Amino acid sequence: MEYREGRCPGCREVMQIPIGRDRIICMFCGKEFSVEEVKKEEAQACEAGMARFREHAGAFFTDMEMTVKGFKRNEYEGSFSQYLVTHQENLKTIRNIMLAACDRTETADRIAEIFLEQGKAVMDAQKGKLGRESMQMTLNMYMVTYVLPSLLSVDTPLLSEVTDQICQKWAATFKNSNIQAADFNSLKDGFRRKLCYITTAVCEGLEKPQDCYELKVLKAYRDGYLTGSPEGETLIARYYDMAPTIVKRVNRRKDSKKIYQRLYQEYICPCVRLIEEGNNEACLEKYEEMVEMLREKYM
């Protein structure tokens, strides 16, 4: 027998309702009720919650730019925890809306549409192409690092449909904004993996395979030498903040392949040779040189 969740009209406890049954007795309070009563109350609760969320959804974006600054290796965990506390009422409302929804796909779509409306409002307030491009990157970063993982932290099975709908609408509405949902733990663990972000972009730009020799060597260097040194930890944190923006800006250029070829010849290959020679400190200096050059030119 298949079941769906529903709330008892009497005690309001969430219970499992057999699909196809007309009447049922609540296992918590013992009251007998019709399934139609449940559906009617669920619809009312869903609409009331949707109205409440629409009224307060703007709060998600009030301190967006300041919040994004907390997405750093040593600050993200505390910053995200505070974010959950700040937005707990809105997050609870969204979960309750989905719990009460008769059609969860349609309801997830409506919730995603409200997020999209707020994103449009943020973008509409920007003037000038450069201002809009910069804000779009900030907005995308905020959605990926705080909004989407906060929804998944509340209830991954229930709210993953909401995050999927948000990502689809975002990509269809904002140019170059193919955001993806990830949970908090995946993002936190990602700080350690992202040092090869630009190296990966270089190799992909030159049509090298994902498991090419250069990437393997640099990943081993990152996981070994860099993560064990104070200088490496600092570089990883700094690099993580800049790399996605740099890659996006390089990819927009008509001469991106030429840029990647230069990076490969002047930085990636020398770094690989230095690692092979066991000269880890010299490799670190070379990598820092590349990061600084890219920062000055593309940030």
Side-chain angles (χ1 to χ4, degrees), residues 4-5 14 42 45-65 67-68 70-71 76-123 135-191 193-194 197 240 244 248:
R4 70 175 185 84
E5 287 185 345
V14 177
E42 285 177 339
C46 186
E47 289 306 314
M50 196 72 76
R52 186 162 56 252
F53 173 54
R54 183 178 293 278
E55 180 181 355
H56 298 288
F60 271 112
F61 299 87
T62 302
D63 297 318
M64 178 182 70
E65 293 180 81
T67 302
V68 168
F71 187 61
Y76 183 45
E77 187 167 4
S79 176
F80 186 76
S81 294
Q82 182 57 52
Y83 184 85
L84 291 179
V85 172
T86 301
H87 298 285
Q88 60 182 327
E89 288 304 317
N90 258 339
L91 293 168
K92 182 179 177 181
T93 296
I94 293 170
R95 183 178 186 275
N96 287 339
I97 291 170
M98 288 296 288
L99 277 175
C102 294
D103 186 333
R104 286 183 175 172
T105 299
E106 179 188 0
T107 303
D109 182 82
R110 292 175 64 189
I111 293 171
E113 191 63 35
I114 293 174
F115 276 107
L116 185 66
E117 289 170 3
Q118 294 299 323
K120 287 179 180 177
V122 170
M123 292 302 299
M135 180 54 69
Q136 187 66 71
M137 285 189 287
T138 300
L139 182 58
N140 290 352
M141 189 73 166
Y142 177 67
M143 294 298 295
V144 169
T145 55
Y146 286 92
V147 175
L148 298 176
S150 72
L151 291 168
L152 294 177
S153 291
V154 170
D155 193 326
T156 298
L158 184 64
L159 299 187
S160 58
E161 191 164 2
V162 174
T163 59
D164 289 345
Q165 292 276 10
I166 291 172
C167 291
Q168 290 174 23
K169 289 179 179 292
W170 219 258
T173 303
F174 300 117
K175 186 178 179 181
N176 299 321
S177 297
N178 188 25
I179 63 174
Q180 300 294 322
D183 61 29
F184 166 74
N185 287 326
S186 297
L187 290 167
K188 185 180 68 171
D189 293 343
F191 277 104
R193 299 193 302 268
K194 288 292 185 177
Y197 198 106
Y240 186 87
K248 284 182 181 179

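Predicted, not measured: the structure shown is a model, and the values here were computed from it.
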- Task: Could you walk me through whether L148 and C167 pass side-chain contact (heavy atoms from CB on, under 4.5 Å), step by step?
- Result: CA-CA 9 Å; L148 298 176; C167 291; 3.8 Å; yes

- Message: Listing request: all salt bridge (charged side-chain N to carboxylate O under 4.0 Å, His left out) pairs with a residue in residues 143-152, at least two apart in sequence or in separate chains.
- Response: none

- Item | By side-chain hydrogen bond (donor to acceptor under 3.5 Å, both in side chains) - contacts of T86 (at least two apart) | Q82

- Sequence neighbours excluded, the answer for side chain to side chain contact (heavy atoms under 4.5 Å, CB included) partners of E89 is none

- Nearest atoms (heavy-atom pairs only) where P149 meets A182: CB-O, 3.3 Å

- If you look at every heavy atom in V162 and A112, which pair is closest and at what distance? O-CB, 4.3 Å

- Task: Could you pull out all residues at least two apart from D103 that satisfy side chain to side chain contact (heavy atoms under 4.5 Å, CB included)?
- Result: T105, E106

- Note on the structure: Shortest non-hydrogen pair, F174 vs Q136, comes out as CD2-OE1, 3.2 Å

- Query: What distance do K120 atom NZ and W170 atom CH2 have between them, rounded to the nearest 0.5 Å?
  - Reply: 10.0 Å

- Apply salt bridge (charged side-chain N to carboxylate O under 4.0 Å, His left out) to D183 and list each qualifying residue two or more places apart in sequence or on a separate chain. none

- When you check the side-chain N and O atoms of Y76 and T145, is any donor under 3.5 Å from an acceptor? no

- Closest approach of I179 and M143, non-hydrogen atoms and distance? CD1-CB, 4.0 Å

- Rounding to 0.5 Å, atoms CZ (R104) and CD1 (I111) come to a distance of 10.5 Å

- Message: Could you tell me if Q168 and D164 have a donor-acceptor pair between their side chains, going purely by distance under 3.5 Å?
- Response: no

- Which residues satisfy the salt bridge (charged side-chain N to carboxylate O under 4.0 Å, His left out) test with D155, sequence neighbours excluded? R95

- N90 CG to S150 OG distance, which is reported to the nearest 0.5 Å: 9.5 Å

- Test item: L116 and I166 side chains (from C-beta on) under 4.5 Å apart, heavy atoms: no

- Query: Can you list every ring-ring contact (aromatic ring centres under 6.0 Å, His included) pair that touches residues 86-111, not counting sequence neighbours?
  - Reply: F60-H87, Y83-H87

- Query: At what distance, to the nearest 0.5 angstrom, does CD1 of I94 lie from CG of L99?
  - Reply: 12.5 Å

- For residues 136-151, pull every pair meeting salt bridge (charged side-chain N to carboxylate O under 4.0 Å, His left out), keeping only residues two or more places apart or in separate chains. none

- Heavy atoms of Y146 and G70 approach each other most closely as OH-C, 3.3 Å

Side-chain polar contacts of residues 49-58 - donor-acceptor pairs under 3.5 angstrom, sequence neighbours left out - could you list them?
from : atom 1 : to   : atom 2 : distance (Å)
R54  : NH1    : E117 : OE1    : 2.9

- Message: Holding to side chain to side chain contact (heavy atoms under 4.5 Å, CB included), I want the full list of residues that pass it with S160, two or more places apart in sequence or in another chain.
- Response: L152, T163

- For F61, the ring pair (Phe, Tyr, Trp, His ring centres under 6.0 Å) test, sequence neighbours excluded, returns Y142

- Message: So V154 and Q88, do their side chains get closer than 4.5 Å, heavy atoms only?
- Response: no

- Residues that C46 engages under side chain to side chain contact (heavy atoms under 4.5 Å, CB included), provided they are two or more places apart: I97, A100, A101, T107

- Message: Restricting to non-hydrogen atoms, name the atom on M135 and the atom on M64 that form the minimum distance, rounded to 0.1 Å.
- Response: SD-CE, 3.4 Å

